[in-house]
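One structure is given here, and the rest of the page talks about it.
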4 protein chains.
Amino acid sequence: MSVGETEKKTPPPADRGRLDKRRAILEAALRVFSRVGYTQASLDMIATEAGVAKPTIYNHLGSKENLFRHVMTDTAARSNAKSLAALESFPGDDEALRTGLEEVAHKLVACYVDESSQAVRRLLYAEAVRFPDLLDAVRASGPDQFIEALAGRLARLANAGHLRIEDPVRAANQFIALVYEELPTYGGSRPLDSGELSDVVVAGVDTFLRAFGTGRTDRTGK
Amino acid sequence: MSVGETEKKTPPPADRGRLDKRRAILEAALRVFSRVGYTQASLDMIATEAGVAKPTIYNHLGSKENLFRHVMTDTAARSNAKSLAALESFPGDDEALRTGLEEVAHKLVACYVDESSQAVRRLLYAEAVRFPDLLDAVRASGPDQFIEALAGRLARLANAGHLRIEDPVRAANQFIALVYEELPTYGGSRPLDSGELSDVVVAGVDTFLRAFGTGRTDRTGK
Amino acid sequence: MSVGETEKKTPPPADRGRLDKRRAILEAALRVFSRVGYTQASLDMIATEAGVAKPTIYNHLGSKENLFRHVMTDTAARSNAKSLAALESFPGDDEALRTGLEEVAHKLVACYVDESSQAVRRLLYAEAVRFPDLLDAVRASGPDQFIEALAGRLARLANAGHLRIEDPVRAANQFIALVYEELPTYGGSRPLDSGELSDVVVAGVDTFLRAFGTGRTDRTGK
Amino acid sequence: MSVGETEKKTPPPADRGRLDKRRAILEAALRVFSRVGYTQASLDMIATEAGVAKPTIYNHLGSKENLFRHVMTDTAARSNAKSLAALESFPGDDEALRTGLEEVAHKLVACYVDESSQAVRRLLYAEAVRFPDLLDAVRASGPDQFIEALAGRLARLANAGHLRIEDPVRAANQFIALVYEELPTYGGSRPLDSGELSDVVVAGVDTFLRAFGTGRTDRTGK
DNA sequence: GATGAATGAGCTTTCATTCAT
DNA sequence: TATGAATGAAAGCTCATTCAT
């Protein structure tokens, strides 16, 4: 449900059931795709999970491929919105710069390891061969936008003299790389431990500040 | 079953053809799997590509699943060996520390973006739901080993006073995160540009040294 | 699964075609199985013979094994019903006891050599290794029941003093053994000759009466 | 074939291994066919069970079909020989006629329920559709011969005034029918109980004597 | 618009059989 | 002669998709 699509305020009552079915289908599809992957997911499973008949899926979404595209773009858009929202709390000055960055990083990591976010990433990556355009599209409207926004925030801090950054986009990418660290390679059978996550984030921000800080924000405590 | 069962030295000449076929099958399988993914890859395609009859694949590998496992573990082992070999040229003192690290980083990135390495990573990730144990096994024998080795190298430099590192494993992870930067998310439709790659590596090493260097290895020239 | 699941009375007219197809499938399956046996019968043959597409068979019956079970139990139940019906005309007193027994025996033999009855017997026996439970089930609901019924009839005659029988179940088995004589071993390439059949039946009843009769029912004519 | 085929005394020593392999193949084949039936038996199983390589079977027997024919005819011939041998002890006069008949009947039933005899019967019946000529051939050289021999014995007794028999062949068939009773339909999952068997035999002989005896051989004891 | 039924295409796997050694 | 390896053919089963109600 791509962000703006839910804003039909009062749908004609006759369409309520219809929209409900559509929503049920999309949600069921995300669950099934996440569970067993694209190819292994049969429309029978999805129809059963959604509580509708198989042809109803065709009536609404047209084909399995199209259903997949909808589910991916919708879910990715929601994930992206959450990540962008996490930037709202980005620190604007060097007061508590370290803790501010850590807080933002924590939120970002939380978005990153969110179940549906992971599912979309895994599925997109998994089906990159079959849907290369889909991967590109989601990237352009998601991570790329997000990096731009983050770069903007960092640039503001650099302009204000709180950080020493030459290339904000690069710095943004490195910030993300450091706080996500080896997260991208996770997702196998082991669930993520929240303590480990926190350590990675703190260490990532620390390294980032050692590289780009002005020296005034030493690591507290230690 | 087991991965290393092909190590019969000096096969009787009668087996030459047999081993050739086996190798042809495994190579063809890697190509086909890379091209269209696990589920979409039919044994017909693989047999045709390998120039053998379909049942021959069963004679050698037993099943599609087993074939996949062999191809993945074999290829991953080769990739891993290359990565570990790249560490051989790791700098041992601070003479040309920066350029030494850059050189190693370049080699590692080259390994990382190597076609078969990318293929394995993509396939493993793609089929993580179907083969969770396989993902774990490859990780344990690949990346995990590699990080340990890299951490050892960094620790040696730290002991010699050339770097300031508290947690070598963490530093190793961060080094990799910085020089690979957003590489993990690549692999869509766009091929990787070698110039961009180089920039990312140089910037990654630079940030790493700003965070962990001793100040004696300032960026040359620039 | 269960055998008797087709007993929906007055199906909605929309189901007519469905039930027709199901029946067509079951009938075609019996024909094909009879003709070439279980293993040699391919679902393609059955589908073609039934005039439906292959997956339709799976929609209705689920699997080849299940299809076979249904066909066997259905047909055996029909055969069994016919045999039991033949007992209705069993003589109740010694008026024309011999001819009464002969008449019943003729009917029973007719049931026994009925095409579909022979087919089921042959198939069950043939596939006894693969479906031992099926053989047991059909026996329990068929021959075993039948022997009980026949034993009851004989016991009644014995009670009335028309026969001298100590163990009615044994006598029933022997009656069947005598009138079927070597029938069980038939079924090869030679069709059964109706004249031979009649002779066997008459001779069987004669022997039975010589062993169990009271002397009042001598062989007529001869 | 082939009762006589094994009587090559002192084969050239070079052929010992060869003949051993042939015998091993035939025995293994009988076991495998009995266990899983004709179609389900693969030549791999048989080769493994016989401890030879698959093509060796072709060298010796030519094809799966031919192998089956050999196994069936060989085993049937052995079974038939045993049944005929059982007739040797057939009583020649009315001294102990009843017990003599019971003894013979017991031997015959023992032959009938012998494992390999049952196996052959089941397999022949099972594959009657595929090998109708084989069924006929085995019958002609087995049961038909046997019934003739039994009829001869009965005729001799009748001639001597110990039995009252008009049609010896018919009487032979009825004798067999009575002592085998429902045996033909056995062979499912339940093993045969030797006590039941004995009861059936005794009762069968009793009925036979009541029908064909001269009155001098009343049931002893009872 | 929603559904039960039907289908064409395709997949993995097995097996009897034949080469080449 | 005995065998390891290879293969052509075919079978059971599944699935995305479409009619007809």
Side-chain angles (χ1 to χ4, degrees), chain A residues 14-15 17-18 21-22 25 39-47 51-60 62-67, chain B residues 12-22 25 39-47 51-67, chain C residues 12-22 25 39-47 51-67, chain D residues 14-15 17-18 21-22 25 39-47 51-60 62-67:
Chain A
D15 276 3
R18 178 158 175 65
K21 295 225 158 167
R22 186 190 175 91
I25 291 170
T39 345
Q40 215 62 1
S42 81
L43 286 192
D44 272 306
M45 292 183 206
I46 296 174
V52 302
K54 226 187 321 182
T56 304
I57 300 180
Y58 284 86
N59 288 340
H60 280 276
S63 75
K64 189 186 183 185
E65 179 178 325
N66 203 43
L67 170 60
Chain B
D15 277 2
R16 288 309 304 269
R18 167 151 241 266
L19 288 181
D20 286 354
K21 294 230 157 165
R22 187 191 176 90
I25 290 169
T39 344
Q40 215 61 3
S42 83
L43 287 190
D44 272 307
M45 293 182 205
I46 297 173
V52 302
K54 223 186 323 181
T56 304
I57 299 179
Y58 284 86
N59 285 343
H60 281 273
L61 279 314
S63 73
K64 188 185 183 184
E65 179 177 326
N66 204 44
L67 170 59
Chain C
D15 277 3
R16 288 310 303 270
R18 167 150 241 267
L19 288 180
D20 285 354
K21 295 232 157 163
R22 186 190 177 91
I25 290 169
T39 344
Q40 215 61 2
S42 82
L43 288 189
D44 273 307
M45 292 183 207
I46 297 173
V52 303
K54 221 187 327 179
T56 303
I57 300 180
Y58 284 87
N59 286 343
H60 281 273
L61 278 313
S63 73
K64 188 185 182 183
E65 179 177 326
N66 203 45
L67 170 60
Chain D
D15 277 2
R18 178 156 175 68
K21 294 225 160 168
R22 185 191 176 89
I25 290 170
T39 346
Q40 215 62 3
S42 80
L43 287 191
D44 272 306
M45 291 182 206
I46 296 173
V52 303
K54 227 186 320 181
T56 304
I57 300 180
Y58 284 87
N59 288 340
H60 280 276
S63 73
K64 188 186 183 184
E65 180 178 324
N66 204 42
L67 170 61

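Letters A, B, ... mirror the listed sequences (proteins, then strands); counts begin at 1.
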* **Whole-Å distance separating the CZ atom of C/R22 from the P atom of E/dG4** => 17 Å
* **Atom pair distance, as rounded to whole Å: CD1 in A/I57 and P in E/dA2** => 12 Å
* To do: Write down the distance between CE (B/M45) and C1' (E/dT12), rounded to a whole number of angstrom.
  => 13 Å
* Asked: Quick one: does C/K21's side chain have a donor or acceptor within less than 3.5 Å of a partner on C/H60's backbone?
  -> no
* **Separation of E/dC15 P from D/L67 CG (nearest whole Å)** => 16 Å
* To do: With rounding to the nearest 0.5 Å, note down the distance linking CG in A/D44 to CD1 in A/I57.
  => 8.5 Å
* Would you indicate which nucleotide in E/dG4, F/dA2, F/dA16 comes nearest to any side-chain atom of A/K64? => F/dA16
* Quick one: does B/L61's side chain get under 4.5 Å of B/R22's, heavy atoms only? -> yes
* Asked: Taking the side chain of C/T56 as heavy atoms from C-beta outward, which of E/dA16, E/dA2, E/dA6 is closest to it?
  -> E/dA6
* **Length of the CG-P vector between D/N59 and E/dT21, whole Å** => 17 Å
* Structure fact -> Of the listed F/dC15, F/dT18, E/dT13, the closest approach to the A/P55 side chain comes from F/dT18
* To the nearest Å, how far apart are B/D44 CG and F/dA10 C1'? -> 13 Å
* Measuring from C/L43:CG to C/K64:NZ, what's the distance to the nearest 0.5 Å? -> 6.0 Å
* Hey, does the side chain of A/K21 come within less than 4.0 Å of E/dT3's phosphate (OP1/OP2), counting only N and O? -> yes
* Return the 5'-most residue of the pair C/A41, B/G51 with respect to DNA chain F, ranking by each residue's nearest nucleotide. => B/G51
* Structure fact -> Rounded to whole Å, OH of A/Y58 lies from P of E/dG4 at a distance of 16 Å
* Asked: Contact class for D/A47 (heavy atom, under 4.0 Å): base, sugar-phosphate, or nothing?
  -> nothing
* **Check: C/L67 and C/I25 side chains under 4.5 Å, non-hydrogen atoms** => yes
* Measure from CD1 on A/I46 to C1' on E/dT3 and round the result to the nearest Å. => 17 Å
* Assign each of B/E65 and C/V52 to its nearest nucleotide of DNA chain E by heavy atoms, then name whichever residue's nucleotide is nearer the 5' end. => C/V52
* To do: Could you pull out all residues at least two apart from A/E65 that satisfy side chain to side chain contact (heavy atoms under 4.5 Å, CB included)?
  => A/Y38, A/S63, A/R69, A/F131
* Base-paired stems in DNA chain F, each at least three Watson-Crick or G-U pairs under 3.5 Å -> E:2-21 with F:2-21
* Side-chain N,O (D/H60) to OP1/OP2 (F/dT1) below 4.0 Å -> no
* Using only side-chain N and O atoms of C/K54, determine if any of them is under 4.0 Å from OP1 or OP2 of F/dA10. => no
* Heavy atoms under 4.0 Å, any strand shown: does D/S42 hit a base, just sugar-phosphate, or nothing? -> sugar-phosphate
* Asked: Of the non-hydrogen atoms in A/A53 and A/A47, which two are nearest, and what is the gap between them?
  -> C-CB, 4.1 Å
